[in-house]
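In what follows, a single structure is set out as structure tokens and then discussed.
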Amino acid sequence: MSFNYDQYIRGGKLPHIWCPGCTYGIVFKSLLRAVDFLKIQKDDIALVSGIGCASRLPGYVDWNTLHTTHGRALPFATGLKLSCPDKKVMVISGDGDATAIGGNHFIHACRRNIDITTIVLNNFIYGMTGGQHSPTTPVGHLASTMPYGNVDPNFNIPDLAKGAGASWVGRGTAYHVPALDKLIIEAIQHKGMSVLEIINACPTTYGRRNKFKSATDQLLWMKDNSLPITAFDKLPPEKTAGKFPTGVLFKKEAPEYCDTYYAMVERVRKPKEGRA
Amino acid sequence: MGTLKLLQGNEACAEGALYAGCTFFAGYPITPSTEVAEYLSRRLPLIGGAFIQMEDEIAAMGAVIGASLAGKKSLTATSGPGFSLKQENMGFGMLCEVPCVIVDVMRGGPSTGVPTGPSQSDIMQCKWGTHGDHPVICLTPGYVQEIFSETVRAFNLSERYRTPVIVAFDEIIGHMREKIEIPDKGVLEVENRKRPTCSPAEYKPFDETKGDVPPVADFFSGYRQHITGLNHHSDGFPVNAHPRIHTDEQRLIRKVEGNRKDIIRYETFMLEDAEVAIFAYGVSGRSGKNAVEQARAAGIKAGLFRPLTIWPFPEDEVAALASRVRAIVVPELSLGQIIFEVERCAKGKCRVEGIYRVDGDPITPEQIFDKIKEVK
């Protein structure tokens, strides 16, 4: 039986704003399947976003949804999570939103290891504003503000998340859909800050400027240039040059922020021994 | 009988927040407001509340809005540069009608300015700091006791009108210690936001047919909703280039401006027969009161109008004052900001004279008395 997406999509809110060939719809469906698999009730989940194409996703889904200011989804989500630590709080963001204007919030949410599932849709460009280079636009590639080729070095989002202290880090692509479902499920299940980068295609503002003949070409690029981390780690560097690893890239056990905070609250509220 | 305490203004502010039911604070260290955060970092855990020091001022404002959407009464406190940084998210709170309180302990500026010196030069930023048209409620207490009671009132107004409320005072009363009485629970009114009584299916977060202040549902309460910083329909979903934007923004302004009588508070001192009026708030209001006493002792009929609500501006009251006094003197710790509002409302019916000071010291009663003698 085919999956019933209608049970999660808000009536009358489609069609979405994304361009033909955009892969965000693929990720959207994967996210719905993952949450459905985990049987999280609609009332118990909040999806928070900032600004950009990815940030319009929450409007379509029948959860508690919050579309905030550019780069600031994580602070708003932190306020929600610390207020309701037993609820599932997720953030959906883009490469520019999460790592440029929101970079400071991103690293500090990772450092706190607060239990927020953060999904970063990396399409290598600022799509909504028409194709300006982002912190992940490959060096040498064209963008509307890099007409002679990008000279701006990149962030590797999983490395950034790991270095900043996130306790679960993964990467998927819009091409590898069954694997993506599993990654989103694991990211949500993980207690602590989980960061999942999902490689996406923006044919309108990135692909057409950078010699991708079609949206399909960009999907095939994901297929040809990615390797599961298990395979990636076994190959010598010359065989992995130019390719990126996918899967669960890093995880560790670490104290979660709300747990630590409320344990402190419990400790200081306990009447002191030996006193009336 | 309440509890008597010797507190500085910033501590009284924190006590006022607790009295009003605040259970969430997010902030960032900045002089001269830091004591608000320090005090609440000790007190909030003891009542099971949440305190978080965020990575910056912007994040603190975002966290406060997030917590309020979860139903918590939320506070942040800042000064000068930090207040500038909060402005974008404050605008989000105003458009999305999120109750919360922002404390601005004013210091000299622009830029880093005089972090440890008093100022009243954020007063126009309180009104116009965020972009776009928006409603603003801003309270300006002048005494430590008043910082307590006006912080309680700020929470009440933010809950009643479903909007961020600013409490702005200067470094001097923020750090000054005075005796205050914290009333027993129940003595001061504490108000909570109106929550929906309809079914979740019928609920619309911005339903103007429910009045200018529609009920607000908490996240995770079963009333699933979409909140966006885009202009929105009554159901919360984005609207683009539509007459709805005009009427909805008018509603936001109206819910504050249309309730001026409820929101505006001020103190008058010997104003009944005054020929010269002082218009001053905060620490300048305290000097103003002393100057009035000096003037009266010298046989000059002077009086004081001290606003506790600076936004919305007490337009009618200042207009009425202007039509019966010879002059209004406006001392302020800036190079002239609130005087423009006084002039606007006086409409040329009396002289309006400013006294300005930005060197890090307060305007003295003597400075004001000299000006009274000059204009009498």
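Proteins get letters first, then strands, A, B, ... in listed order; numbering begins at 1 in each. Predicted, not measured: the structure shown is a model, and the values here were computed from it.
- Looking at heavy atoms from C-beta onward, B:Ile52 lies in side-chain contact with A:Thr78 at the 4.5 angstrom threshold.
- With contacts defined as side-chain heavy-atom distances shorter than 4.5 Å, the pair B:Met54/A:Asn104 does not qualify.
- Environment of NZ in A:Lys29: sparse, with no more than 12 heavy atoms of neighbouring residues, nucleotides or ligands closer than 6.0 Å.
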Which donor-acceptor pairs under 3.5 Å do the side chains of residues 41-49 of chain B make with protein atoms, sequence neighbours left out?
| from | atom 1 | to | atom 2 | distance (Å) |
| --- | --- | --- | --- | --- |
| B:Ser41 | OG | B:Glu38 | O | 2.7 |
| B:Arg43 | NH1 | B:Glu15 | OE2 | 2.6 |

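- Not a single donor-acceptor pair under 3.5 Å links the side chain of B:Arg224 to the backbone N or O of A:Asn64.
- In this structure, the ring of B:Phe51 has its center no less than 6.0 angstrom from the ring center of A:Tyr261.
- Going from atom CD1 of B:Ile65 over to atom CG of A:Leu80 covers 11.0 Å, rounded to the nearest 0.5 Å.
- When the heavy atoms of residues 36-52 of chain A are compared with those of chain B, the residues falling under 4.5 Å are A:Lys42, A:Asp43, A:Asp44, A:Ile45, A:Ala46, listed by number.
- No more than 12 heavy atoms of other residues, nucleotides or ligands lie within 6.0 Å of CD in A:Glu253, so this atom counts as exposed by the packing criterion.
- No more than 12 heavy-atom neighbours from other residues, nucleotides or ligands sit within 6.0 angstrom of NZ on B:Lys204.
- For the atom pair B:Ile227 CD1 and A:Leu66 CG, the distance stands at 7.5 Å (nearest 0.5 Å).
- Using a 4.5 Å heavy-atom cutoff, the side chains of A:His105 and B:Ile58 are in contact.
- For B:Pro238, the part lying under 4.5 angstrom from a heavy atom of chain A is the side chain only.
- In summary, A:Arg72 and B:Asp56 do not engage in a salt bridge, as defined by a charged side-chain N under 4.0 Å from a carboxylate O.
- Classified by interplanar angle (parallel below 30°, tilted 30° to 60°, perpendicular above 60°), the ring pair A:Phe76/B:Phe92 is perpendicular.
- Contacts between A:Arg267 and chain B at a heavy-atom distance below 4.5 Å are absent for every atom of the residue.
- If you tally non-hydrogen atom pairs under 4.5 Å between each of A:Leu74, A:Ile107, A:Leu82, A:Asp62 and chain B, the highest count goes to A:Asp62.
- By the neighbour-count criterion of 12 heavy atoms within 6.0 Å, atom CG of A:Asn4 is densely surrounded, having more than that number from other residues, nucleotides or ligands.
- In A:Glu266, the CD atom is not crowded: 12 or fewer heavy atoms of neighbouring residues, nucleotides or ligands sit closer than 6.0 Å.
- Using a 4.5 Å heavy-atom threshold, the side chains of B:Met61 and A:Pro75 count as separate.
- Looking at heavy atoms from C-beta onward, A:Arg56 lies in side-chain contact with B:Leu230 at the 4.5 angstrom threshold.
- B:Phe24 touches chain A through its side chain: at least one heavy atom from C-beta onward sits under 4.5 Å away, while N, CA, C and O do not.
- Using a 4.5 Å cut-off between heavy atoms, B:Glu55 contacts chain A through both its backbone and its side chain.
- Inter-residue side-chain proximity for B:Phe220 and A:Val89 is flagged as met; some heavy-atom pair is nearer than 4.5 Å.
- With a 4.5 Å cut-off on non-hydrogen atoms, A:Lys88 touches chain B through its backbone but not through its side chain.
- More than 12 heavy atoms of other residues, nucleotides or ligands lie within 6.0 Å of CZ in A:Phe250, so this atom counts as buried by the packing criterion.
- With a 4.5 angstrom heavy-atom cutoff, B:Ala26 does not touch chain A via any of its atoms.
- Both tests pass for A:Lys13 against the ring of B:Phe237: distance under 6.0 Å to the centre and angle within 45° of the axis.
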